[in-house]
Amino acid sequence: MTVQATGPTSGQTGFEGSYLGANDRISDRAVMECKICWTPYDPAEGDDYRQVLPGTPFSALPDDWHCPGCDAPKNQFMVLSDPGAAEMLRSRQIEERVDLLVADFREIWNARMRDVPLVNKALRVEAVGFVAHEGRPLGVLISPWFMNLVMLPAEGEDWSGLVPGTHEEIAFPSGRYEFIHNRRDMGGGYKACSLFSPMGDFQTQLQAVDVARAIMVELFRAENRAETDRSAEIRAVREAELAVAETEDVMSDPSTTVSRRKLISGGFASEGHPDENHPDEGAQAL
């Protein structure tokens, strides 16, 4: 939490008193000032005297670093200004809420999913790439039985009334994707888009994390929109043909139909209804 500093830093974002190793209260962009001789440390400039390279945050300075002006230790520094304070606060708020979501699904894993045959025991529950999208935390949740794109409510937004199983399309630069509403005990209401289920194609946690990070990049690439829009058109035509034909021999090759989920998941996402891909009630929770 940040408060207004006093003295020479009045009106600047920071905290009162000495630094005292409070890395969790300053961002990497914080400009610090010695409270004895008022010598500043700007991470953009570094410290030529101690051969500290530009771009080095104050929190990353060696423990034996001292003020180049009066030789005072690090704990005698205060915040002069912190341009990254607001961003750091938002990141911390997102992290706290995502931690609750992860805790919920770790509980599901330990209580209900460990002995389910379709789970991938090489994987674990992990949140990847969560960012603020239009004020709402958005990222990928990995578990041994699914990988989903997850959206959480904005700060002060109440999603406790979400009806589990309700479908909603949400637009992104790359296209529109179908999310399903749900609720968990600790994390509350959330919306999820199924990407992979089950997770047998992944050999390691690192592989799953790399795919999740790539998904978060592709999701916001507008050049993917034309491809996903065309895929939706192809899918609609094929479904109409199937309804008229009513015979198996005219069924189209499913490999030629690419859903939006498949696009952002590199072609691996299941084509089934998200709930159909989960082996039991614990998996259906997301």
Side-chain angles (χ1 to χ4, degrees), residues 1 23-25 27 87-166 168 170 177 179-200 202 204-216 219 265 269-270 274-275 277-286:
M1 179 178 179
N23 292 336
D24 61 333
R25 301 176 71 180
S27 77
E87 180 181 348
M88 186 182 71
L89 179 59
R90 287 193 296 269
S91 296
R92 187 181 302 161
Q93 290 171 340
I94 290 175
E95 183 179 353
E96 290 173 352
R97 299 174 64 196
V98 171
D99 284 347
L100 292 176
L101 182 73
V102 169
D104 260 325
F105 282 91
R106 283 177 178 164
E107 181 180 359
I108 292 173
W109 166 243
N110 290 320
R112 287 183 276 173
M113 297 300 297
R114 281 186 176 275
D115 297 324
V116 174
L118 292 180
V119 301
N120 184 343
K121 293 189 177 181
L123 305 180
R124 64 180 183 275
V125 177
E126 182 177 354
V128 178
F130 271 81
V131 296
H133 173 64
E134 297 180 349
R136 298 185 179 97
L138 174 77
V140 175
L141 185 66
I142 297 171
S143 84
W145 67 99
F146 69 79
M147 182 188 296
N148 287 356
L149 186 64
V150 176
M151 178 178 287
L152 300 175
E155 190 72 22
E157 191 173 21
D158 184 7
W159 281 5
S160 61
L162 291 183
V163 177
T166 300
E168 175 186 356
I170 300 177
Y177 300 87
F179 283 69
I180 296 180
H181 297 183
N182 217 321
R183 295 195 305 267
R184 293 302 310 159
D185 294 339
M186 284 184 277
Y190 64 91
K191 301 174 183 180
C193 173
S194 178
L195 299 171
F196 297 87
S197 181
M199 297 288 282
F202 295 96
T204 65
Q205 183 75 12
L206 179 60
Q207 182 187 18
V209 169
D210 285 344
V211 170
R213 288 173 176 161
I215 286 171
M216 290 301 295
L219 184 66
S265 62
S270 169
D275 287 348
N277 297 318
H278 298 300
D280 71 357
E281 178 184 358
Q284 290 178 13
L286 188 53

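Keep in mind that this is a model prediction, so the values were computed, not measured. Along the sequence shown, residues carry numbers from 1.
- For the pair R97 and L152, the minimum side-chain heavy-atom distance is below 4.5 Å.
- In plain terms, the two heavy atoms of P153 and G189 that are nearest each other are CD-O, 3.3 Å.
- A pairwise comparison of heavy atoms in Y177 and C193 identifies CB-SG, 4.2 Å as the closest pair.
- Between W159 and K191 the shortest side-chain heavy-atom distance falls below 4.5 Å.
- Note that CG of N182 is 9.5 Å distant from OG1 of T166, once rounded to the nearest 0.5 Å.
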Using the side-chain contact (heavy atoms from CB on, under 4.5 Å) rule, take V163 and H181 through it: C-alpha gap first, then chi angles, then the decisive distance, then the call.
-> CA-CA 6 Å; V163 177; H181 297 183; 5.8 Å; no

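- Contact between G188 and Y190 at its shortest, heavy atoms only, is O-CD2, 3.6 Å.
- Using a 4.5 Å heavy-atom cutoff, the side chains of M216 and V131 are in contact.
- In this structure, the side chains of M151 and I170 come closer than 4.5 Å at one or more pairs of heavy atoms.
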Let me see the working for N110 and R114 under side chain to side chain donor-acceptor pair (under 3.5 Å), right down to the final yes or no.
-> CA-CA 6 Å; N110 290 320; R114 281 186 176 275; 2.7 Å; yes

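- Between F202 and F196, the ring planes lie perpendicular to each other; the angle is over 60°, past the 30° to 60° tilted range.
- Nearest heavy-atom pair, Q205 versus I142, reported as atom, atom and distance to 0.1 Å: NE2-CG2, 4.1 Å.
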Could you walk me through whether I215 and L195 pass the side-chain contact (heavy atoms from CB on, under 4.5 Å) test, one step at a time?
-> CA-CA 9 Å; I215 286 171; L195 299 171; 3.6 Å; yes

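- The nearest pair of heavy atoms linking I94 to A132 is CD1-N, 3.6 Å.
- Residues A127 and V102 share a closest heavy-atom pair of CB-CG2, 3.7 Å.
- Contact check for V119 versus M199: no side-chain heavy atoms found under the 4.5 Å cut-off.
- Taking the side chain as every heavy atom from C-beta outward, R184 and I108 approach each other to under 4.5 Å.
- Residues F179 and L149 have side chains in contact (heavy-atom distance under 4.5 Å, counting atoms from C-beta outward).
- The 12-atom threshold is exceeded at CD of E126, counting heavy atoms of other residues, nucleotides or ligands nearer than 6.0 Å.
- N120 places no side-chain N or O within 3.5 Å of a backbone atom of G200 that could act as its donor or acceptor partner.
- Side chain of S143 to backbone of W109: no donor-acceptor contact under 3.5 angstrom is found.
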Passes side-chain contact (heavy atoms from CB on, under 4.5 Å), V140 versus N148? Steps please.
-> CA-CA 6 Å; V140 175; N148 287 356; over 6 Å; no

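- The shortest distance between side-chain heavy atoms of F146 and L141 falls below 4.5 Å.
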